[in-house]
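Here the structure comes first, spelled out in structure tokens, and everything after it is commentary.
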Amino acid sequence: MAIVELKGISKSFGQVRAVDGVDVEIKDGEFLVLLGPSGSGKTTLMRLCAGLERPTGGSIVIDGSVVNDVPPRERGIAMVFQSYALYPHKTVFRNIAFPLTVEGMDKAEIRKKVEWAAGLLGIGHLLDRMPSQVSGGEKQRVAIARALVRRPKVLLMDEPLSNLDAKVRHSARDELKKFQREIGVTTIYVTHDQAEAMGLGDRIAVMHEGKVRQIGTPDDIYHYPADTFVAGFVGTPPMNFIEKDGLLTGFRPELFHPAELISDQDPVRFRFRIERVENLGAYSLAYGTIGSVKVIANLSPRLRIREGEERDFGVSRQDVRYFDKQTGAGIRR
Amino acid sequence: MLKKILSKAGFCGGLAFFIVFSASPFYIMLITMFKKSHDLFNPTNNPFILNEPFTAEHVKLLFTQTLYTTFLLNTLYVGVAVVLITVALSVPAAFSLARIAGRWGENLGIGIFLTYLIPPTLLFIPLSRIISVLGLQNSLWSLVLVYPTFTVPFCTWLLMSFIKSIPREIEEQALIDGCSRLGALVKVILPLSVPGIITIIVFAFTLVANEYIYALAFIQDSAKKTIGIGLTTELVRGDVFYWGALMGGALIASIPVALLYTFFLDRIISGLAMGTVRR
Ligand SMILES: Nc1ncnc2c1ncn2[C@@H]1O[C@H](COP(=O)(O)OP(=O)(O)O)[C@@H](O)[C@H]1O
Ligand SMILES: [Mg+2]
């Protein structure tokens with residue numbers, strides 16, 4: 001069952017088409033990630049769902065009814081802003097309680113619900129502090145607790161991890177996924193970080209210039225990219241592209257190996273000139289060229305490779321993707 | 001080590017300079033207030049100390065032979081009325097210009113500020129016509145009516161930039177958390193604007209206490225004068241300046257304002273800083 005349906009949604013700011021005809025259906029309980037580079041319209045799309053912007057075209061359906069003209073407070077959504085937008089003059093308790101206070105719920109009931117949400121996120125001991133007295137990671141939890149306390153139909157999150165430092169970000173990502181599973185709330189999550197998207201999303205919608213380029217499971221997106229944009233945006237280092245037989249051939253750096261190591265009887269072979277090798281511990285990256293095109297291989301550090309040598313490399317045939325040279329659209333074979 | 005001592009000394013030196021710089025007018029006022037006129041007018045005397053025993057005659061003159069306390073009360077009366085009007089008009093104006101009117105708001109805000117720049121020395125002429133048509137000459141109500149013409153634009157402009165510095169996301173968060181637009185203003189933006197509102201209250205009051213031209217033009221009765229014109233018109237008789245009483249009157253009148261600033265200093269500074277630094 002789809003709980004959120006976006007039908008041909010567009011939003012222009014003057015000449016800028018921030019969101020350009022997006023069709024997405026989000027299933028009940030699903031974790032959908034909007035992934036795209038900065039400026040691709042992710043935030044705008046989320047703000048349209050929240051009701052903070054009015055679409056210039058198309059319609060938004062939440063839980064069966066068109067909400068184009070419904071103010072944010074009546075949409076049954078909650079949102080976590082990138083900056084967390086905590087009320088600086090209220091304690092953590094009153095921040096979390098605010099959506100309930102506005103509803104006019106009675107005090108005892110509010111306390112029970114706030115304690116439930118705070119317990120879920122492990123911030124029960126912070127309730128009397130002011131937002132300025134808690135760390136970045138704790139602020140983020142407060143913002144999520146405030147979003148969940150009303151039991152929204154849909155939870156919207158705009159890059160909630162981007163203000164955390166790298167160390168905290170990893171554990172925060174893990175916990176986010178855990179509690180989302182636990183309470184099963186439908187979630188739309190915006191990020192520009194493809195690793196975050198791959199790790200969190202049940203499905204990922206890759207956006208570029210206001211359009212959704214591809215929607216699919218992380219596996220789909222990674223292994224069967226719909227076009228060269230998706231292929232290049234997802235994965236670090238990105239997919240390699242080589243022109244061959246009138247088509248653009250793409251293959252992932254970690255599937256690009258010395259020819260003798262490939263089990264496939266008939267791999268696609270390339271002559272790889274290695275220019276520089278970076279040993280990163282867990283793996284090493286070999287930078288070089290095929291012909292005159294720059295290519296990267298992600299190799300085991302145990303492999304003996306010398307800078308400056310030229311070797312036979314190859315990709316198993318099933319791991320090669322093909323794209324149209326002009327449009328960049330993927331071609332299934 | 002030496003460097004540390006030097007930088008410390010430099011800091012203290014700078015601090016001392018500014019303390020002397022800002023406190024010396026008050027010191028001069030204080031000693032002049034208690035100086036015998038004979039002492040004050042003798043050019044061979046050291047002007048910075050009392051060369052003769054102190055006297056209370058100037059203070060006595062101030063309180064018994066002028067309507068000094070009436071001036072103070074008049075100023076307070078006009079000040080409070082003007083502050084109330086200013087807050088009542090500036091707060092909603094600033095909110096709507098900062099948040100709702102978009103690009104129009106920006107230009108209108110600049111326009112409002114420009115009106116503040118027209119000097120009272122020009123404006124008092126047409127305004128005096130209006131005052132006489134309304135029959136308010138020689139009444140404190142003329143000042144209550146006219147002062148908001150400069151306090152409202154100034155305070156609206158100040159508060160507008162203050163409100164702009166409150167992140168829009170906080171307001172949008174309130175909308176999502178169940179507030180209407182008005183609810184978000186009252187429940188979230190208004191409480192966050194308290195430093196800004198305190199700042200405009202203090203500024204409006206100070207502007208009123210400092211005002212001279214309108215008061216001079218519209219008020220004639222001694223009993224209706226405010227402090228600014230009261231002192232200068234009643235204590236400068238012909239070419240005789242009653243320095244001791246003048247200084248005493250000015251000093252006493254400045255004490256409440258100084259207290260007001262000291263008490264709310266942190267909030268005023270944060271109000272001003274937030275108002276001027278755009279994010
Ligand atoms: N309020 C606005 N006014 C004008 N242009 C905007 C506004 N909001 C976003 N845009 C433009 O729309 C495009 C998409 O922005 P945004 O949705 O913030 O992208 P993302 O979140 O993916 O980085 C950008 O080109 C941005 O400049
Ligand atoms: Mg964004």
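Computation of the quantities below employed the complete heavy-atom set of this structure, encompassing side-chain atoms and omitting hydrogens, waters and symmetry-equivalent molecules. Just so we're on the same page: letters track the sequence lines, and every chain starts at 1.
- Here B/Y147 and B/F150 bring their ring centres to under 6.0 angstrom of each other.
- Comment: A/E196 does not engage A/R173 in a salt bridge, judged by the lack of any side-chain N to carboxylate O separation of less than 4.0 angstrom.
- In this structure, the portions of A/I77 lying under 4.5 Å from any heavy atom of chain B include both its backbone and its side chain.
- When A/R73, A/R150, A/K90, A/R146 are each tested for a salt bridge (Lys or Arg N to Asp or Glu O under 4.0 Å) with B/D177, only one passes: A/R146.
- Highest contact tally toward chain A, considering only B/A174, B/G183, B/P191, is held by B/A174 [criterion: heavy-atom pairs under 4.5 Å].
- A salt bridge is defined here as a Lys NZ or Arg NE, NH1 or NH2 lying under 4.0 Å from an Asp or Glu carboxylate O, and A/R47 with A/D158 fails to meet this definition.
- Looking at A/R75, there are no atoms closer than 4.5 Å to chain B (heavy atoms on both sides), in backbone or side chain.
- A/L156 does not touch chain B: none of its heavy atoms, backbone or side chain, sits under 4.5 Å away.
- When the candidates A/G51, A/P88, A/P152, A/A143 are compared by the number of heavy-atom contacts under 4.5 Å with chain B, A/P88 comes out ahead.
- Ranked by heavy-atom pairs shorter than 4.5 Å toward chain A, the options B/V188, B/I176, B/I170 are led by B/I176.
- Counting heavy atoms from C-beta outward, A/K27 and A/I3 have side chains that stay 4.5 Å or more apart.
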